[in-house]
There are 2 protein chains.
Amino acid sequence: MGLTKTEIFTDQQNNIAQIAKAFGHPARVAILQHLIKINACICGDLVDEIGLAQPTISQHLKELKNIGIIQGNIEGTSVCYCINQDKWTEIKTMFMSFLSQEPTNSSCC
Amino acid sequence: MGLTKTEIFTDQQNNIAQIAKAFGHPARVAILQHLIKINACICGDLVDEIGLAQPTISQHLKELKNIGIIQGNIEGTSVCYCINQDKWTEIKTMFMSFLSQEPTNSSCC
DNA sequence: TTTATTAATCGTAATATTGCAATATAATAA
DNA sequence: TTATTATATTGCAATATTACGATTAATAAA
């Protein structure tokens, strides 16, 4: 199969999972961290910074773009990427509310 | 290929990605939410609660157990699962510090 | 116009994930 | 001992992901 049954879950559950999935690769975490640190970044710099081939970085950037967490502006022959602040805040809020639910001591373990 | 090059990333990046990957499926998000809500939960209840087959739930539980975020206690013929509070707190801290980095306005986009 | 430069896309191989039927295992009940 | 119950494991099919070489497209520079 290999196909997630999204229809049996809530929108919230699917949303959290979708964003988490995008965060679920170290290259994409590294890209986001670098974009935050450098503020804005040319794609080629990411290829140098992270040790993966250009098509691979491009593919990871595409996935991050798909969830709207980054955006790219064409500057001549290069593309400048940066974090979408509104989306970043939205995601932060979503994760905080998910993670801030405090599990209390359970009866069995 | 299909094989992540973990060796070129920092431990922090790999850790975030590993946890995010575990959160990257709505069934696992649903399991965690249910465990938090109900406080502790028999595996069979999760099969009823979520609409997936028993082996599928068992597999998702295994993945959550692998990252240490849940633990199970045998109670007769059934297994009672619950959140590992220490790990939950650790993960919360990790994600908060990742997400709390505020991206500033960039020059290009 | 020709030649870089830069990034996206295509194609593909290797591997991982998702989901479930069938089966195995382990503990209790009859 | 023989069910019964609850969960884990195995095996497998369908699909997704990761990575990269080759190619393409678009702009810039010569």
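Lettering of chains follows the sequences in order, A, B, ..., and the numbering in each one begins at 1.
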(message) Less than 6.0 angstrom separating the ring centers of Phe23(A) and Phe98(B), yes or no?
(response) yes

(request) Can you figure out which of dA6(D), dA19(D), dT6(C) approaches the side chain of His25(A) most closely? (result) dA19(D)

(message) Strictly distance-based, threshold 3.5 Å: is any side-chain N or O of Asn73(A) a donor or acceptor partner for the main-chain N or O of Cys108(B)?
(response) yes

(request) Would you indicate, yes or no, if dT6(C) has its OP1 or OP2 atom less than 4.0 angstrom from a side-chain nitrogen or oxygen of Tyr81(A)? (result) no

(message) In whole Å, I'd like the distance from the CG atom of Leu61(B) to the P atom of dT9(D).
(response) 11 Å

(request) May I ask you to say what Ser58(A) touches in the nucleic acid, namely base, sugar-phosphate or nothing, with a heavy-atom cut-off under 4.0 Å? (result) base

(message) OP1 or OP2 of dT17(C) versus the side-chain N and O atoms of Lys21(B): is any pair under 4.0 Å?
(response) yes

(request) Give Ile42(B) one of three labels, base, sugar-phosphate or nothing, depending on what nucleic acid heavy atoms sit under 4.0 Å from its own. (result) sugar-phosphate

(request) Look at the side-chain N and O atoms of Lys62(B) and state whether any lies under 4.0 Å from the OP1 or OP2 oxygen of dT7(D). (result) no

(request) Take the angle between the ring planes of His60(A) and His25(A) and call it parallel below 30°, perpendicular above 60°, tilted in between. (result) tilted

(request) Give a yes or no on whether Ile8(B) atom CD1 has more than 12 heavy-atom contacts from other residues, nucleotides or ligands under 6.0 Å away. (result) yes

(request) May I ask you to say what Glu63(A) touches in the nucleic acid, namely base, sugar-phosphate or nothing, with a heavy-atom cut-off under 4.0 Å? (result) sugar-phosphate

(request) Kindly say if Thr77(A) contacts the phosphate of dT5(C), meaning a side-chain N or O under 4.0 Å from OP1 or OP2. (result) no

Where do N or O atoms of nucleotides 20-24 of chain D meet protein N or O atoms at under 3.5 Å, pair by pair?
{"unit_1": "dC20(D)", "atom_1": "OP1", "unit_2": "Lys5(B)", "atom_2": "NZ", "d": "2.5"}
{"unit_1": "dC20(D)", "atom_1": "OP2", "unit_2": "Ala53(A)", "atom_2": "N", "d": "3.0"}
{"unit_1": "dC20(D)", "atom_1": "OP2", "unit_2": "Thr56(A)", "atom_2": "OG1", "d": "3.2"}
{"unit_1": "dC20(D)", "atom_1": "N4", "unit_2": "Gln59(A)", "atom_2": "OE1", "d": "3.3"}

(message) At 4.0 Å (heavy atoms only), tell me whether Ile74(B) reaches a base, stays on the sugar-phosphate, or touches nothing.
(response) nothing

(message) Closest-nucleotide mapping onto DNA chain D: is His60(A) or Gly76(A) further toward the 5' terminus? I mean the 5' end.
(response) His60(A)

(request) Using atom CD1 of Ile57(A) as one end and atom P of dT17(D) as the other, report the distance to the nearest whole Å. (result) 17 Å

(request) Take atom CG of Leu46(A) and atom P of dA7(C), then tell me their distance rounded to the nearest Å. (result) 9 Å

(message) The criterion is side-chain contact (heavy atoms from CB on, under 4.5 Å); which residues satisfy it with Thr10(B), sequence neighbours excluded?
(response) Gln12(B), Gln13(B)

